[in-house]
Amino acid sequence: MIRWLIALGLAVLASPLRAETCRLALALAMDISTSVDENEDVLQRQGLAAALIAPEVVEAFFSSPAPVALAVYEWSGRTTQRVVLNWTMINTEADLLVAASTVQQSVRSDSGSATAMGHALAFGATLMQQAPPCLFQTIDLSGDGSNNDGYGPDSAYRHFPFQNVVVNGLVINAADFEGELFLIPFFENNVLHGPGAFLEIAQGFEDFERAMRRKLERELKGLQIGALQEGAH
């Protein structure tokens, strides 16, 4: 693993970026399954919009001259996935403000579907195939429950193109059901995928914005360098 990361880091440093190349294609996935009520959906949607324009996240977006391509989608049941923000190149703070406004003004497309996490990941992999060419690809899956509909994450990883995609997780630990006690281990053992993948935890939907700010900052700053440092410990 460490040798792979070192080789990747050296290759990136040795190859000058083309002007049109982005450093990261980042797809953010919001949970709109039936366990997420109307108020919680607002907290999640507004929290993501606010996190995108938080000062530390803005700084992280522009910590490199190579831009970031950003997309946002919502997910729940087997056939309930919808793009909220299609791939947008974040070249300026104005681009980021427009992206955040699009998320803030969006309305959930469904409120009665189960939690089809494997289908959500498969949708993300397909969406990633439409992204601009970037050095890194990351899907960020937020959720307040484990998979209970359709195939699971393991099947998605076997049958869809995830070879160069990292999947990070954001657990919304709402603790509404006894089964949620196992939510964090479920994400750790089934959702996280690829070198350097990590989990962030929000203690309820009221904490979503803080957790999202922390996660975005980590994802956007020093991708290959951070992975090398982490692997060396």
Keeping to residues at least two apart or across chains, list the disulfide (SG to SG under 2.5 Å) pairs with something in [range].
| range | result |
| --- | --- |
| residues 27-117 | none |
| residues 29-120 | none |
| residues 55-84 | none |
| residues 61-94 | none |

TODO: Begin with the C-alpha distance, continue with both residues' side-chain angles, and end with the deciding distance and a verdict on side chain to side chain contact (heavy atoms under 4.5 Å, CB included) for Met30 and Val72.
DONE: CA-CA 8 Å; Met30 297 188 296; Val72 179; 4.1 Å; yes
Open item on the list: Assess the residue pair Val84 and Leu28 against the criterion (side chain to side chain contact (heavy atoms under 4.5 Å, CB included)); give the C-alpha distance rounded to whole Å, side-chain angles, the decisive distance to 0.1 Å, and a yes or no.
Closed with: CA-CA 10 Å; Val84 173; Leu28 307 175; over 6 Å; no
Which heavy atom of [X] sits nearest to which heavy atom of [Y], and what is that distance?
| X | Y | answer |
| --- | --- | --- |
| Ser35 | Glu40 | O-OE1, 3.3 Å |
| Ala27 | Tyr73 | CB-CE2, 4.3 Å |
| Trp87 | Ala69 | CZ3-O, 3.4 Å |
| Trp75 | Leu141 | NE1-CD1, 3.6 Å |

Open item on the list: Just to verify, what does Gln46 make a side-chain contact (heavy atoms from CB on, under 4.5 Å) with, not counting sequence neighbours?
Closed with: Val42, Gln104
TODO: Output all residues satisfying side-chain contact (heavy atoms from CB on, under 4.5 Å) with Arg108, sequence neighbours left out; order by chain, then residue number.
DONE: Ile32, Val36, Asp41, Arg45, Glu74, Ser111
TODO: Verify the cluster assignment for Leu43 and Met212: are they in a single hydrophobic cluster under the rule of side-chain heavy atoms below 4.5 Å apart?
DONE: yes
Task: Cluster check Val98, Leu85: I/L/V/M/F/W/Y, side chain < 4.5 angstrom - done: no
Open item on the list: Could you tell me if Asp110 and Thr80 have a donor-acceptor pair between their side chains, going purely by distance under 3.5 Å?
Closed with: no
Would you say [X]'s side chain and [Y]'s backbone share a donor-acceptor pair under 3.5 angstrom?
| X | Y | value |
| --- | --- | --- |
| Asp95 | Thr92 | yes |
| Asn148 | Thr115 | yes |
| Gln44 | Asp31 | yes |
| Ser109 | Val107 | no |
| Ser101 | Leu97 | no |
| Gln81 | Gly77 | yes |

Task: Atom CZ of Arg82 with >12 non-hydrogen neighbours under 6.0 angstrom - done: yes
Task: Results of salt bridge (charged side-chain N to carboxylate O under 4.0 Å, His left out) for Asp37 - residues two or more places apart only - done: none
- [ ] Kindly state each residue pair satisfying ring-ring contact (aromatic ring centres under 6.0 Å, His included) with at least one member in residues 37-72, sequence neighbours excluded.
- [x] none
Quick one: side chains of residues 181-197, donor-acceptor pairs under 3.5 Å with protein atoms, not counting sequence neighbours, listed by atom name and distance.
{"unit_1": "Asn189", "atom_1": "ND2", "unit_2": "Pro185", "atom_2": "O", "d": "3.0"}
{"unit_1": "Asn190", "atom_1": "ND2", "unit_2": "Phe186", "atom_2": "O", "d": "3.0"}
{"unit_1": "His193", "atom_1": "NE2", "unit_2": "Phe162", "atom_2": "O", "d": "3.3"}

Under 3.5 Å, which donor-acceptor pairs do the side chains of residues 117-136 form with other protein atoms, sequence neighbours left out?
{"unit_1": "Thr126", "atom_1": "OG1", "unit_2": "Ala122", "atom_2": "O", "d": "3.1"}

Throw together a table of side-chain donor-acceptor distances under 3.5 angstrom for residues 47-59, partners on residues two or more places apart or in other chains.
{"unit_1": "Glu56", "atom_1": "OE2", "unit_2": "Arg213", "atom_2": "NE", "d": "3.1"}

Task: Sequence neighbours excluded - salt bridge (charged side-chain N to carboxylate O under 4.0 Å, His left out) pairs with any residue from residues 151-174 - done: Asp154-Arg158
